[in-house]
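Have a look at the structure below before the remarks.
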Amino acid sequence: MEVTFVNPGVDYMIQNIMEFQREDESTFWSEPLYHFYPQLDKAYALSLPFPERKNYIEQTLRAVYVELEDKINEKVNLYSSHWAACKEQITAAMSDAFGVDCGSLFHDLKCNVSMNPIEPRFLKERCFDIFYLNSEKGAIGESIHEIVHFVWFYVWNRLFRDSYDEYERPGLKWILSEMVVESVMKDTRLCSINPYFPREQGGCIYPYFFDMKVGGTLILDTLDEMYRSQCIEDFMKNSYAYCQEHEAEIRGHIRASES
C-alpha cells in the first residue's frame, strides 16, 4: 500500500470546492468554506445570482492560493514523511480487518493536499483530498478514514459485483461505508495514530451518526456488534440488509442533521 501526497494545483482545488457550493447543496456541506476563508464575504456571496457567486468565490480563492502555495507544498512534504513512518502498521491493520493482503494492493493511491475543507474521495481514480490545515498526525488520521473506503469497496465489489457508481453520496451504500469507519478504526494500530479518535477528540466519522437511533438503539452500537462478531463478508451483507430495512429512519435523521 502506498499513498503519494501532492499539490494538485489551484484549478483542481477550485473545481472540487465548487462541487459543494451548488445551489441545491445543504449548508452542512457549503458553510465550512466561509468559516475557513474570511476573505469571502458570505452575505455578499449569497446575494449574488449563482453564476456571479461562482465567479466571486473562484477569483477570491485564486488570490488566497497565491499566499498559501508555499505552505501547501510544505504540508505535502510533512504528510509524506509521517505517512512513511506509519505505513506498515496501517497496512497490517487494514489487511487483518478486510481479509486481503493490502501490502500487495493499492500502490497507486494519491492524496491531494487541498484548500477544500470538504475532503472528497474518488474511488475509480484512487485519490482523495486532505485539507491543508491538518497537522501531520491529523492528515494520517484523515487518510486512514479514506483508505478504509478504498479497501471496503474493493472487498464489497468482489462480493456484490455491483457498480462503483452506487458507492457515492447520497446512496445507501455510501452511508453504510461512512458509518463503519469507526468500528474499523478501533484497532489500536489505527486509533493510536489518529488524533481525531475517539469521539471526544472530534470523531473519525460524520457527527450526525453518533446519535442516530433505529428502534431506540444507537445504530453505531448495532453495527459495531455485528462487525465484531462476523467475518467481513457476512458483516457487509447483514449490515447492508439492516440499513435497507431501516433506510427511511436513517435518511430522515441525516436530512434533519444536514438542514
Side-chain angles (χ1 to χ4, degrees), residues 5-76 78-79 111-122 127-139 141-143 145-146 149 168-171 174-175 178-179 181 195-196 199-212 250-259:
F5 294 82
V6 301
N7 176 347
V10 67
D11 290 342
Y12 172 92
M13 295 181 195
I14 289 177
Q15 178 183 342
N16 279 355
I17 286 171
M18 293 311 301
E19 286 295 312
F20 298 94
Q21 297 299 318
R22 295 173 299 186
E23 286 188 286
D24 60 346
E25 192 57 89
S26 73
T27 56
F28 180 86
W29 300 100
S30 62
E31 285 287 335
L33 186 70
Y34 297 101
H35 172 78
F36 287 105
Y37 296 103
Q39 299 92 333
L40 290 167
D41 185 325
K42 177 183 171 183
Y44 173 69
L46 296 180
S47 73
L48 298 173
F50 184 72
E52 294 179 27
R53 186 191 316 160
K54 182 174 181 288
N55 289 336
Y56 167 66
I57 292 173
E58 288 187 5
Q59 290 174 9
T60 303
L61 293 182
R62 285 185 184 277
V64 173
Y65 176 79
V66 172
E67 301 174 4
L68 292 179
E69 184 175 14
D70 288 345
K71 186 175 185 65
I72 292 171
N73 289 334
E74 290 174 4
K75 286 297 185 74
V76 167
L78 185 62
Y79 297 169
C111 175
N112 299 300
V113 182
S114 175
M115 293 169 58
N116 190 358
I118 308 298
E119 301 173 326
R121 54 105 183 104
F122 306 94
C127 69
F128 59 95
D129 290 6
I130 290 293
F131 190 33
Y132 83 97
L133 281 179
N134 274 290
S135 67
E136 67 273 27
K137 293 181 179 179
E142 298 281 7
S143 295
H145 175 116
E146 302 305 336
H149 291 314
E168 304 301 334
R169 183 172 72 100
W174 172 82
I175 294 171
E178 292 292 345
M179 289 193 287
V181 168
Y196 302 128
R199 297 177 191 179
E200 291 75 16
Q201 298 296 113
C204 60
I205 60 176
Y206 295 120
Y208 53 64
F209 291 132
F210 296 150
D211 62 351
M212 181 185 289
I250 291 170
R251 290 195 181 278
H253 181 90
I254 292 174
R255 281 195 300 271
S257 300
E258 290 189 352
S259 62

Determine whether a donor-acceptor pair (N or O, by modelled atom type, separation under 3.5 Å) exists between the side chain of [X] and the backbone of [Y].
X   : Y    : result
K71 : Y132 : no
Y65 : M115 : no
N73 : D70  : no

Work out which heavy atom in [X] is nearest to a heavy atom in [Y]; give both atom names and the distance.
X    : Y    : value
V6   : V76  : C-CG2, 3.6 Å
N134 : K75  : O-NZ, 3.0 Å
S143 : F128 : OG-CE1, 3.6 Å
S259 : T27  : C-OG1, 4.2 Å
V181 : C204 : CG1-O, 4.0 Å

Within the structure provided, determine whether [X] and [Y] are in side-chain contact (heavy-atom separation under 4.5 Å).
X    : Y    : answer
D211 : H253 : yes
I205 : F210 : yes
Q21  : Y34  : yes
S257 : F209 : no
R251 : P170 : yes
F20  : P117 : no
E69  : V10  : no
N116 : I17  : yes

For E178, is there an ion pair with R121 - N to carboxylate O distance below 4.0 angstrom?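 Looking at E178 together with R121, the answer is no, because their closest N to O distance does not fall below 4.0 Å.
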Contact list for residues 54-63, test salt bridge (charged side-chain N to carboxylate O under 4.0 Å, His left out), sequence neighbours left out: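 Applying salt bridge (charged side-chain N to carboxylate O under 4.0 Å, His left out) to every pair that reaches into residues 54-63, excluding sequence neighbours, yields D11-R62, K54-E58.
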Does a side chain donor of either E19 or W29 reach within less than 3.5 Å of an acceptor in the other side chain?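 Their side chains do not contain a donor-acceptor pair, so the 3.5 Å distance test is not met.
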Taking atom types as modelled and ignoring hydrogens, do the side chains of Y56 and D41 form a donor-acceptor contact shorter than 3.5 angstrom?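 Short answer, no.
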Inter-residue atom distance [X].[atom1] - [Y].[atom2], 0.5 Å rounding:
X    : Y    : atom1 : atom2 : answer
I118 : N16  : CD1   : CG    : 11.5 Å
E119 : H145 : CD    : NE2   : 9.0 Å
I175 : I254 : CD1   : CD1   : 4.0 Å
Y208 : F28  : OH    : CZ    : 5.0 Å
Y79  : S135 : OH    : OG    : 7.0 Å
R53  : M18  : CZ    : CE    : 8.0 Å

Just say parallel, tilted or perpendicular for the rings of Y12 and F122, cut-offs at 30° and 60°.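 It falls in the perpendicular class, over 60°.
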Is it true that atom OH of Y44 has more than 12 heavy atoms of other residues, nucleotides or ligands lying nearer than 6.0 Å?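 Not more than 12 within 6.0 Å, no.
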Should F131 and E142 be marked as a side chain to side chain contact (heavy atoms under 4.5 Å, CB included) after you check the CA-CA gap, both sets of side-chain angles, and the distance that decides it? CA-CA 9 Å; F131 190 33; E142 298 281 7; over 6 Å; no
Report the C-alpha distance between I72 and M13 in whole Å, list the side-chain angles of each, state the deciding distance to 0.1 Å, and finish with yes or no for side chain to side chain contact (heavy atoms under 4.5 Å, CB included). CA-CA 12 Å; I72 292 171; M13 295 181 195; 4.0 Å; yes
